[in-house]
2 protein chains.
Amino acid sequence: MIHEKMVELVARRFQILGEPCRLRILQTLQGGAMTVNQIVSELEGNQPNISKHLQILFDAGLVGRARSRNSVFYSVADPVVFKLCDLVCRSTARHAAHLQQYAAGTGRRSGIQTQKSHLRSKVGSLQGVN
Amino acid sequence: MIHEKMVELVARRFQILGEPCRLRILQTLQGGAMTVNQIVSELEGNQPNISKHLQILFDAGLVGRARSRNSVFYSVADPVVFKLCDLVCRSTARHAAHLQQYAAGTGRRSGIQTQKSHLRSKVGSLQGVN
DNA sequence: TCACTATATAATTATACATGCATATAGCTA
DNA sequence: TAGCTATATGCATGTATAATTATATAGTGA
């Protein structure tokens with residue numbers, strides 16, 4: 001059993017990765033260090049918002065920063081984020097494939113809502129059917 | 001560049017893992033399938049709340065479920081969650097160690113708030129100093 | 001010093017969501 | 001059927017936080 005405080009720290013880290021805007025920032029930084037303005041112009045969005053997300057990523061130790069003249073360069077500090085994203089990407093794809101596979105199946109057979117019947121509506125909503 | 005919708009799906013998955021209660025549920029299920037009541041009695045918390053978290057995990061395909069007589073057994077459907085937790089755990093530990101390492105350093109040297117100076121307050125707050 | 005650029009922060013608003021309580025649904029047994 | 005257990009769901013509330021706007025801070029160069 002992992003310590004309670006550790007569970008919360010880990011959850012916080014997942015939560016930080018659980019924002020599309022922050023994922024896009026990390027993805028943008030994959031090519032190397034960039035200034036805030038460069039990131040902003042790459043990812044539609046205003047500068048204060050990007051700055052705040054960068055601050056959150058920095059506090060978590062996921063990105064590092066260094067000032068060069070008048071600009072601040074941010075870069076990915078912990079490459080584990082790419083591994084995490086890759087794993088979650090595959091997992092998401094597996095799940096989507098699983099939904100698709102059973103999407104054409106018949107309705108519920110038992111009392112409990114099973115993956116097959118329950119998730120059919122999910123696939124539908126993803127496709128805008130509902 | 002990954003597709004926008006994929007970024008949101010991946011973020012959603014991280015977000016689902018970003019709740020301490022859900023992490024504890026997954027951790028509890030690491031030993032094998034359990035009924036809702038078993039999970040509830042293992043993890044302080046009321047039954048409706050656990051049920052709702054289980055539903056969220058189920059919708060994401062992270063856990064599976066099967067009814068047996070009057071009970072519903074939940075189990076981990078995608079073991080990738082353990083790998084993810086392990087990676088994040090190590091990353092969190094690295095970050096904490098990094099904070100500790102520089103916690104005794106002197107204050108800011110340059111205009112920008114660096115890891116060293118900025119995070120000293122973080123370490124302090126973790127220890128309840130602030 | 002002033003003007004300019006780059007970045008960070010403060011304040012506000014809106015929204016998502018975890019929690020807790022009450023209740024509903026489903027299955028079992030008599 | 002009724003009564004029981006197990007699980008799910010509806011509703012209300014509080015809280016965290018993302019986005020926006022305006023402004024402040026920091027550095028550069030004249």
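Letters A, B, ... are given to chains in the order of the sequence lines, protein chains preceding strands, and every chain is numbered from 1.
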Could you pull out all donor-acceptor pairs under 3.5 Å where a side-chain atom in residues 82-91 of chain B meets a protein atom, sequence neighbours excluded?
{"from": "Asp86(B)", "atom 1": "OD2", "to": "Arg90(B)", "atom 2": "NE", "distance (Å)": "3.0"}
{"from": "Asp86(B)", "atom 1": "OD2", "to": "Arg90(B)", "atom 2": "NH2", "distance (Å)": "3.3"}
{"from": "Ser91(B)", "atom 1": "OG", "to": "Arg13(A)", "atom 2": "NE", "distance (Å)": "3.0"}
{"from": "Ser91(B)", "atom 1": "OG", "to": "Arg13(A)", "atom 2": "NH2", "distance (Å)": "3.0"}
{"from": "Ser91(B)", "atom 1": "OG", "to": "Asp78(A)", "atom 2": "OD2", "distance (Å)": "2.7"}

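- Under 4.0 angstrom from either OP1 or OP2 of dA8(C) there lies at least one side-chain N or O belonging to Tyr74(A).
- Rounded to a whole Å, the CG atom of Leu43(B) is 12 Å from the P atom of dT19(C).
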Practice prompt. Please step through side chain to side chain contact (heavy atoms under 4.5 Å, CB included) for the pair Leu23(A) and Phe14(B), ending with a clear verdict.
Written response: CA-CA 10 Å; Leu23(A) 286 186; Phe14(B) 276 123; 4.3 Å; yes

Item to complete: Check step by step if side chain to side chain contact (heavy atoms under 4.5 Å, CB included) holds for Arg22(A) and Leu62(A).
Response: CA-CA 11 Å; Arg22(A) 287 194 282 267; Leu62(A) 297 178; over 6 Å; no

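- We find that CZ of Phe58(B) is positioned 11 Å from P of dT9(D), with the value rounded to whole Å.
- Comment: Arg24(B) engages Glu4(A) in a salt bridge, judged by a side-chain N to carboxylate O separation of less than 4.0 angstrom.
- Distance CG (Asn70(A)) to P (dT28(D)): 6 Å, rounded to an integer number of Å.
- Of the side-chain N and O atoms in Asn37(B), none sit less than 4.0 angstrom from OP1 or OP2 of dT5(D).
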Response to the item:
Letter by letter from the 5' end, nucleotides 15-23 of chain D scores (B base, S sugar-phosphate only, - none; protein heavy atoms under 4.0 Å) --SSBBBB-

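- Summarising the geometry, the separation between CG on Leu57(B) and C1' on dA8(D) is reported as 15 Å, rounded to the nearest angstrom.
- Atom CD1 in Ile50(A) sits about 13 Å away from atom C1' in dT7(C), given to the nearest Å.
- Put simply, the side chain of Val80(B) reaches to within 4.5 Å of the side chain of Arg94(A), judged on heavy atoms.
- For Arg65(A), the side-chain atoms get nearest to dA8(C) when compared with the rest of dA8(C), dT9(D), dA26(D).
- Side-chain proximity of Gln55(A) to the nucleotides dT7(C), dA8(D), dT9(C) is greatest for dT9(C).
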Side-chain donor-acceptor pairs under 3.5 Å in residues 31-40 of chain A, sequence neighbours left out?
{"from": "Thr35(A)", "atom 1": "OG1", "to": "Gln38(A)", "atom 2": "N", "distance (Å)": "3.1"}
{"from": "Gln38(A)", "atom 1": "OE1", "to": "Thr35(A)", "atom 2": "N", "distance (Å)": "2.9"}

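- Rounded to whole angstrom, the span from the CG atom of Asp59(B) across to the C1' atom of dA8(D) amounts to 13 Å.
- The two residues Pro79(A) and Ala77(A) have their closest heavy-atom pair at CD-O, 3.7 Å.
- Using a 4.0 Å cut-off, no side-chain N or O of Arg69(A) falls inside it from OP1 or OP2 of dT7(C).
- Rounding to whole angstrom units, CD of residue Glu44(B) and P of dT19(C) are separated by 11 Å.
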